[in-house]
Amino acid sequence: MATNAPRVAGRHFLQIPGPSPVPERILSAIARQTIDHRGPDFGKLGLRVLDGMRSIFKTRGAVVIYPASGTGAWEAALANTLSPGDKVLMVETGHFATLWKTMAGKLGVEATFIPSDWRAGADPAAIEAALREDKEHAFKAVCVVHNETSTGSTSRIDEVRKAIDAAGHPALLMVDTISSLASVDYRHDEWGVDVTVAGSQKGLMLPPGLSFNAVSEKALAASKASRLPKSFWGWEEMIAAGKSGYFPYTPATNLLYGLDEAIQMLHEEGLDAVFARHLRHGEATRRAVAAWGLENLCTNPKHFSPVLTAVVMPEGHDADRLRSVILDAFDMSLGTGLSKVAKKVFRIGHLGDINDLTLVGTLGGVEMGLGLAGVPHKAGGVAAAMAYLAEGKREGGAKAA
Ligand SMILES: *Cc1c(COP(=O)(O)O)cnc(C)c1O
C-alpha cells in the first residue's frame, strides 16, 4: 500500500483466520459520527448490543464488552475469577492455548497443561482423568480454546462439560471462542460454560478492537471472592453500568455501531445457516487439500475446523515462501504457521463474510500459488471443491443452507 506502488485492481483477498473481511454494511455503520457516550441515544445502542450479544452467546446471563483485543478478554476471564496461587487446568491445543497459559503464569496462577501434538482438539477423557485425580479440588478452572486458530482444530465443548460433570468436579469452565463465535455452533448456557471469551475481528466480521466476556452466575459468585488485582478489567463496574446500556469509561462507540449491524446481519442470515455455511466451506477446503495430495494438520475428523484449515507443507518446502508468492502474484493473504509449526503450515481462513465464490477464488489462488512456488502437488483441488459446493446447491438448499 506504499503510495508509489502501482494500483492493484479488485478487492484484496483477506483469507487469514482473522481478522476476516469486513462487510460494506459494517464499514458504513462504523463511518457514522461518534455520539455522546453519556447521552440518551448511546444507552439505547448499549442495551441493544449487549442484548444482541446474549443472543449470539446463547446466554441469559451478563455480557461485558471491552474496547480491547481478544487478549484483554482472556485476562479479564482469569483476573475476575481467580486468586494468586490458584491452580487451573488447561489443554495444549496449540499456539493460542499456550499463550493463554503463559498469561495465567504471569498473573500468578499455576496452570497445568494437558499436552498434545497440536493435531486435534481437547480430549475430554484426559480432562476427566485429570479432574478425577484432583481429589482436593485444587483446580479452580478448566480453560479450553474452542477453535484453536493456530491448528484448525475445534474442541467439543459439550463433551468437555460432560467430562467435568462425570468427574464431579466444581471447577469453572472457561472457553476461548475468539475465532469460533458466530462461525461455529456455541451455547454458553446449555453447555454450562462459566466464562466465554470472544473477540470482534473473526466470526463477528468486525475490525479488531472489541472483546467480550459472557459470565455465568457461578463465575459472578467466584468474582466476589477473587483476589487477583483488576481495575480496567473488573466486571463489577462494567456489569453495573451495562444494566442501563452504558460503560464506566469511554467505549469504542463506532465499533459498537458496527457490532449492532453485525448482530443484525447474523440474525438476518440465521445463526444456523451461518454455521452450516462455515461447515460447508470447511468441507470444500478439505476436499481441495486432499485432491492436491497435501495433508491437513488436524487429524481428528471430529475436530475439523469450520473456520480455517491448516495445510502441512511437503518436507523441504517453506510455507512462508508460498504465502509470499501468493501475496505477490494474487494479492491474497493467507495465515502463517505460528511458533511450533512456523514455516511448516499455512492456514486458509474460511470464516466470516465469505461465500462460495470467495472460497473458490481463495482455493484458486492457493492452487496457482503451489504451482508458481514449485510445491509438489496434484491439480484438481479447486475442481473438487467446486463439485462439492455445486452439489450442495443442486439438492435444493438443504445441504447448501
Ligand atoms: C485471535 C485469537 C486470540 C488472540 O486475540 P487478539 O484479538 O489477537 O488479542 C486468542 N485466541 C484465539 C483462539 C484466537 O483466534
Side-chain angles (χ1 to χ4, degrees), residues 14-22 53 57 64-79 88 90-104 106-107 111 113 116 118 120-122 142-157 160 173-184 186 188 193 195-214 232-233 252 255 258-259 262 278 282 297-298 303-310 333-341 345-352:
L14 183 65
Q15 299 304 133
I16 59 175
S20 65
V22 182
M53 283 310 293
F57 284 115
V64 176
I65 306 178
Y66 296 104
S69 89
T71 303
W74 261 352
E75 179 160 344
L78 301 173
V88 298
M90 290 182 154
V91 186
E92 187 201 359
T93 43
H95 176 69
F96 288 101
T98 305
L99 288 179
W100 202 9
K101 177 179 181 271
T102 303
M103 172 189 274
K106 287 181 184 167
L107 293 174
F113 231 179
S116 108
W118 289 33
V142 175
C143 302
V144 179
V145 174
H146 184 207
N147 183 74
E148 178 52 75
T149 323
S150 62
T151 67
S153 293
T154 308
S155 293
R156 296 289 304 261
I157 302 304
V160 172
L173 173 57
M174 305 210 215
V175 181
D176 169 348
T177 65
I178 294 173
S179 67
S180 55
L181 193 76
S183 295
V184 184
Y186 189 77
H188 177 91
V193 180
V195 187
T196 300
V197 176
S200 57
Q201 74 272 28
K202 299 179 188 180
L204 288 172
M205 308 179 287
L206 293 165
L210 291 180
S211 57
F212 309 84
N213 279 172
F232 181 81
W233 304 116
L255 287 177
L259 180 62
H278 283 80
L297 181 63
C298 179
H303 295 165
F304 286 158
S305 173
V307 166
L308 77 139
T309 303
S333 297
L334 295 167
T336 187
L338 294 166
S339 54
K340 246 186 182 170
V341 290
V345 307
F346 67 94
R347 294 171 298 147
I348 304 171
H350 32 80
L351 73 158

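Atoms within each ligand, like the ligands themselves, are counted from 1 in listed order. Please read all numbers here as calculations on a predicted model, not as lab measurements.
- Evaluation of the side-chain hydrogen bond (donor to acceptor under 3.5 Å, both in side chains) rule for Asn147 yields Thr154, Ser179, Ser305 as partners, not counting sequence neighbours.
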Under 3.5 Å: N or O atoms of ligand 1 paired with protein N or O:
from: ligand 1; atom 1: 7 (O); to: Gly70; atom 2: N; distance (Å): 2.8
from: ligand 1; atom 1: 7 (O); to: Gln201; atom 2: NE2; distance (Å): 2.8
from: ligand 1; atom 1: 9 (O); to: Ser69; atom 2: OG; distance (Å): 2.5
from: ligand 1; atom 1: 9 (O); to: Gly70; atom 2: N; distance (Å): 3.2
from: ligand 1; atom 1: 9 (O); to: Thr71; atom 2: N; distance (Å): 2.8
from: ligand 1; atom 1: 9 (O); to: Thr71; atom 2: OG1; distance (Å): 2.5
from: ligand 1; atom 1: 11 (N); to: Asp176; atom 2: OD2; distance (Å): 2.7
from: ligand 1; atom 1: 15 (O); to: Thr149; atom 2: OG1; distance (Å): 2.4
from: ligand 1; atom 1: 15 (O); to: Lys202; atom 2: NZ; distance (Å): 2.6

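- Rounding to the nearest 0.5 angstrom, the gap separating the CZ atom in Phe212 from the OG atom in Ser200 is 6.0 Å.
- Residues His146 and Thr177 have side chains that never bring a donor and an acceptor to within less than 3.5 angstrom of each other.
- The CG atom of Leu334 lies 6.5 Å from the CZ atom of Phe346; values are rounded to the nearest 0.5 Å.
- Using a 3.5 Å distance cut-off with no hydrogens or angles, the side chains of Glu148 and Trp118 do not pair a donor with an acceptor.
- Using bins of under 30°, 30° to 60° and over 60° for the plane-to-plane angle, the ring pair Phe96/Trp74 lands in the tilted bin.
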